[in-house]
Every structure is written in structure tokens, then in C-alpha cells.
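Here's the structure we're looking at; comments come further down.
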Amino acid sequence: MIGRLNHIAIAVPDLAAASAKYRDLLGAHVGQPQPLPEHGVTVVFIDTGNTKVELLEPLGDNSPIAAFLTRNPGGGMHHICFEVTDIRAAAATLTDGGARVLGDGTPKTGAHGRPVLFLHPKDFDGTLVELEEV
């Protein structure tokens with residue numbers, strides 16, 4: 001069902017500082033900050049050639065990333081994202097198998113303008129999984 005790894009997301013307390021580290025220390029191609037108010041985050045994508053790293057910074061006090069950073073003030077891995085060809089079929093297969101889709105189960109538009117869903121971390125060994133339709 002899953003396709004390639006689309007990205008690994010890292011929550012950071014300071015998006016500009018984190019972006020600079022990846023650019024200046026690792027020599028990575030760092031994209032421009034992209035506010036996503038519907039998700040409560042500002043993101044920057046780092047292109048690694050074979051996948052991406054997504055840096056996430058809270059956008060407002062009600063951001064789910066703000067709560068994550070309260071528990072992990074230095075930041076840390078937030079989720080991994082896999083590609084799927086049919087997100088609704090993938091969600092149906094997963095829920096039939098006992099996995100929980102977060103929210104109301106309706107895909108939202110993600111940072112790439114494509115439908116995304118998140119799966120409960122307790123169902124995937126403590127890891128928040130995002131699915132993105134390609």
C-alpha cells in the first residue's frame with residue numbers, strides 16, 4: 001500500500017536557526033518558510049535528493065507543534081510521511097485493520113497541496129505516520 005518515504009518531519013523551536021544549520025553546516029538545499037494556518041505550523045522543506053526533511057515550527061499558541069515542543073523543548077522527530085496512490089482506500093484498509101486515523105478521517109490539504117491523513121502513533125510503535133496522496 002505505501003509508496004516511497006516522502007519526508008521526515010522534525011519539530012523545531014526556531015525555524016530560522018534550524019534552517020541555517022541544515023544550509024550552512026550540512027550544505028543542504030533549504031526551501032522558503034511556508035505558513036500553513038490550517039495545520040498550525042510554518043514549514044521549511046529540505047531537499048536531500050532521495051527524500052525531504054520537513055522542519056516544523058508552531059504557528060500560534062494552539063498549534064499541535066507547540067504542545068510537542070512543551071514536552072520536547074529542544075525539538076525532535078515529529079512524524080514520518082509515506083506516499084499512497086489512493087488516500088481514501090488506504091484509510092479504509094487501515095481502519096478495517098484496526099488502525100486509527102486522526103481527526104474526523106477526512107483528508108486535509110497538506111504542504112504540497114495534496115490530500116494528507118495522520119495515523120495514531122500508538123498504532124505504529126509510537127510514531128506519528130502521515131499519508132500523502134500522490
Side-chain angles (χ1 to χ4, degrees):
M1 170 192 338
I2 63 171
R4 75 179 194 95
L5 176 67
N6 183 282
H7 65 267
I8 298 167
I10 301 171
V12 299
D14 183 336
L15 193 58
S19 296
K21 280 188 263 185
Y22 278 84
R23 183 188 60 243
D24 301 341
L25 296 176
L26 294 175
H29 178 266
V30 177
Q32 294 299 311
Q34 180 181 358
L36 299 173
E38 64 277 10
H39 294 281
V41 296
T42 300
V43 301
V44 165
F45 281 97
I46 298 163
D47 186 352
T48 66
N50 61 346
T51 193
K52 294 178 281 300
V53 173
E54 178 185 34
L55 302 177
L56 305 163
E57 179 183 68
L59 184 61
D61 293 334
N62 294 327
S63 169
I65 300 306
F68 180 90
L69 288 172
T70 298
R71 294 187 307 274
N72 306 279
M77 191 178 108
H78 186 262
H79 68 268
I80 59 174
C81 177
F82 294 106
E83 296 177 353
V84 295
T85 56
D86 184 336
I87 200 160
R88 292 184 188 277
T93 298
L94 287 158
T95 55
D96 288 348
R100 292 171 281 180
V101 175
L102 296 178
D104 66 4
T106 303
K108 293 183 179 180
T109 302
H112 300 113
R114 298 179 181 144
V116 299
L117 287 173
F118 286 88
L119 307 175
H120 201 292
K122 289 184 179 178
D123 298 334
F124 291 93
D125 307 302
T127 303
L128 180 63
V129 173
E130 179 183 16
L131 301 178
E132 179 178 302
E133 187 172 272
V134 293

Kindly compute the distance separating [atom1] ([X]) from [atom2] ([Y]), expressed to the nearest 0.5 Å.
| X | Y | atom1 | atom2 | result |
| --- | --- | --- | --- | --- |
| Ile8 | Ile46 | CD1 | CD1 | 11.0 Å |
| Asn6 | Arg114 | CG | CZ | 7.0 Å |
| Ile87 | Glu130 | CD1 | CD | 8.0 Å |
| Ile10 | Met77 | CD1 | CE | 8.5 Å |

Search all heavy atoms of [X] against all heavy atoms of [Y] and return the closest pair with its distance.
| X | Y | result |
| --- | --- | --- |
| Gln34 | Ala111 | NE2-O, 3.0 Å |
| Ala90 | Met1 | CB-SD, 3.4 Å |
| Leu59 | Pro35 | CD2-CB, 4.2 Å |
| Ala66 | Gly60 | CB-O, 4.3 Å |
| Gly49 | Asp47 | N-OD1, 2.8 Å |
| Ser63 | Pro58 | OG-CA, 3.6 Å |

- For Phe118, all residues meeting ring pair (Phe, Tyr, Trp, His ring centres under 6.0 Å), sequence neighbours excluded: His79
- Could you list the residues that satisfy ring pair (Phe, Tyr, Trp, His ring centres under 6.0 Å) with Phe45, not counting sequence neighbours? His7, His112
Less than 4.5 Å apart, side chain to side chain, heavy atoms only: is that true for [X] and [Y]?
| X | Y | value |
| --- | --- | --- |
| Leu5 | Phe82 | yes |
| Asp86 | Glu133 | yes |
| Leu26 | Lys21 | no |
| Val84 | Leu117 | no |
| Leu55 | Tyr22 | yes |
| Val12 | Leu56 | no |

Within a radius of less than 6.0 Å around [atom1] of [X], do more than 12 heavy atoms belonging to other residues, nucleotides or ligands occur?
| X | atom1 | result |
| --- | --- | --- |
| Asp96 | CG | yes |
| His120 | NE2 | yes |
| Asn62 | CG | no |
| Glu38 | CD | yes |

- Item | Derivation and outcome, side chain to side chain contact (heavy atoms under 4.5 Å, CB included), residues Leu119 and Leu102 | CA-CA 6 Å; Leu119 307 175; Leu102 296 178; over 6 Å; no
Any sub-3.5 Å donor-acceptor pair from [X]'s side-chain atoms to [Y]'s backbone N or O?
| X | Y | result |
| --- | --- | --- |
| Glu83 | Val134 | no |
| Asn72 | Gly74 | no |
| Thr109 | Pro115 | no |

- Those residues at least two apart in sequence (or on a different chain) that pass salt bridge (charged side-chain N to carboxylate O under 4.0 Å, His left out) with Arg100 are Asp123
- Item | Test applied, side chain to side chain contact (heavy atoms under 4.5 Å, CB included); reference residue, Ile65; option that passes from His78, Glu57, His39 | His78
- Treat each ILVMFWY residue as a node, draw an edge where side-chain heavy atoms are under 4.5 Å apart, and state whether Leu15 and Val43 are in one component. no
- Message: Are Val116 and Leu36 connected into the same hydrophobic cluster when the rule is that any two of I, L, V, M, F, W, Y join if their side-chain heavy atoms are below 4.5 Å apart?
- Response: no
- Is it true that the side chains of Asp104 and Thr106 contain a donor and an acceptor less than 3.5 Å apart? yes
